[in-house]
Amino acid sequence: MAVVVSQLIQALEPSATLAMAAKAKELKAAGRTIYDLSLGEPDFATPEHICEAAIDAMRKGHTHYTVASGIPELKRAVVRQYHERYGLEYPPENVVISNGAKHAIHNVFACLLNPGDEMIIPAPYWVSYAELVKLTGAVPVVVNTPQSNGFKLTAEAFRAAITPKTKALLLCSPSNPTGTMYSKEELQALADVILDTDLAVVADEIYDRLVYTDRPYASFPTVRPGLKDRTVIVNGVSKTYAMTGWRIGWAIAPNKAFAKAMGDLQSQETSNPCSISQHAAIAAIQGPQDCVETMRQEFDKRRRYVASRLEAIAGLSCPTMEGAFYAFVNLTQHLGKTYAGVRVDHDTQWCLELLGQKGVASVMGSAFGAPGYVRFSFATSMENLAAAMDAIEEFINSAE
Ligand code: PMP
Ligand code: GLU
């Protein structure tokens, strides 16, 4: 056979979050009532002024190729925002705008990792990190973190995982899938390990605006002097402004050479992120921010509701959700049981039976490197959440 999939791609797992969402959509299209808690995607419409900016951009003729690494005006908006929010100063040339934060992460890994290098990824982790590391020929080194510590990596566990091949640490806070957030002190403890070594950090800060505690959000490079030179920040408009479909995210590099490498890679891969979406992203970042707070408050309401419903179900537990829009629930007490005659031993089976029997779509913990757990996204309406929580409760109560 002439056309054979390469070994690297054969080893690639497809995204489980997208696969579960596709399954839910398929069942919906076939006429089933489905409560979809699978995908982490704001259900709000993109705010009107952002859509208007896109229409305006089209009318003004911003419909051609742009600079491969993104338009300077958007890069300036990104660095201005990081400066205003966190006091961090970067030249706009250090920013590379990509087709979503996922693409930005891919660029960062491709430019950072050599074959055989190791990247430390605390588990539970978002589905794409380990797969994107593997695509570079590097090795994801997964370090399990306990629920009792809010699924956060400690300095001791981090230090113990470092080998001569370790190149970088991946940090995601607030975390997808766990919904927990590192405190400044916890980040400082990790920073001290970093500063003792010559490791880099990839800080995925995509949920920095979706925080529900009074503790202020700490952007990683701010927690200790010297970290800024070691950190590549990833962020984007998808979650903050309900713009998942527009595909705009970015990486902020610690130096121009690294940014240039990502821009060069992108020039060969995708030419540039969508010109119209880039203009919409400028309007999102520079326009009124009350839409962000309105959405955050609504997510917070849903979070409290989901927490109270889950708490009322015997044998379930999850850490306090402090950010993002996920509940990461420990299912272990409900495995090894029979649901409507079907014996369920594994979280994947549990999710598939919950979908099949009750029409609730979720994502299995195994996909996040945490067997025995399930992730429920609460980025959906209260009405859906209420129906889904009823169905989950019924499902669990049906187990024998
Ligand atoms: N990082 C995390 C932690 C995410 O949850 C997501 C959501 N898809 C992304 C990155 C990618 O975001 P985007 O839609 O901008 O590619
Ligand atoms: N980040 C979201 C999630 O985890 C969107 C899907 C994806 O990009 O994986 O559900």
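Atoms within a ligand are numbered from 1 in the order they appear, just like the ligands themselves.
Taking CG of Leu113 as the reference point, atom CD of Glu118 lies at 11.0 Å (rounded to 0.5 Å). With rounding to the nearest 0.5 angstrom, the CD atom of Gln278 is 4.5 Å from the CD1 atom of Ile71.
Contacts between Val363 and ligand 2, counted as non-hydrogen atom pairs separated by less than 4.0 Å, are absent for every part of the residue. Counting heavy atoms closer than 4.0 Å to ligand 2, residue Tyr326 contributes side-chain atoms (C-beta onward) but none from N, CA, C or O. Of the heavy atoms in Thr244, none comes closer than 4.0 Å to ligand 2. Contacts between Met20 and ligand 2 below 4.0 angstrom, taking non-hydrogen atoms only, are absent altogether.
In this structure, the side chain of Lys239 does not engage the main chain of Pro42 through any donor-acceptor pair within 3.5 Å. Side-chain atoms of Gln349 never come within 3.5 Å of backbone atoms of Val344 as a donor-acceptor pair (strictly under, hydrogens ignored). Not a single donor-acceptor pair under 3.5 Å links the side chain of Thr231 to the backbone N or O of Ile233.
Taking all atoms of both residues into account, the shortest heavy-atom contact from Trp246 to Ile50 is CH2-O, 4.5 Å.
Cation-pi geometry between Lys228 and Tyr90 is met: the NZ or CZ atom falls under 6.0 Å from the ring centre, inside 45° of the normal.
Among protein heavy atoms, the minimum distance from atom 1 (N) of ligand 2 is reached at Lys239 NZ, 3.1 Å. Summary of contacts: the protein heavy atom closest to atom 7 (C) of ligand 2 is Thr17 OG1, 3.5 Å. Here the protein heavy atom with the shortest distance to atom 5 (C) of ligand 2 is Gly40 O, 3.7 Å. Counting only heavy atoms of the protein, atom 8 (O) of ligand 2 lies nearest to Lys102 NZ, 3.2 Å.
Hydrophobic side-chain contacts under 4.5 Å tie Leu39 into a cluster, directly or through other members, with Leu18.
Listed by chain and residue number, Val4, Val5 satisfy the side-chain contact (heavy atoms from CB on, under 4.5 Å) test with Gln10 (two or more places apart in sequence, or in another chain).
Residue-ligand proximity, Asn176 to ligand 2, at heavy-atom distances under 4.0 Å covers atoms 1 (N), 3 (C), 4 (O). Which parts of ligand 2 touch Ser15 is read off a 4.0 Å heavy-atom cut-off, strictly below it: atoms 9 (O).
Both Trp126 and Leu132 are members of a single hydrophobic cluster when ILVMFWY side chains are connected at heavy-atom separations under 4.5 Å.
The immediate protein surroundings of ligand 1, defined as residues with any heavy atom under 4.0 Å of it, consist of Gly100, Ala101, Lys102, Ile105, Trp126, Tyr129, Cys172, Asn176, Asp204, Ile206, Tyr207, Ser238, Lys239, Arg247.
Residue pairs meeting the ring-ring contact (aromatic ring centres under 6.0 Å, His included) criterion with at least one partner in residues 138-171, sequence neighbours excluded, are Phe151-Phe328, Phe151-Tyr373.
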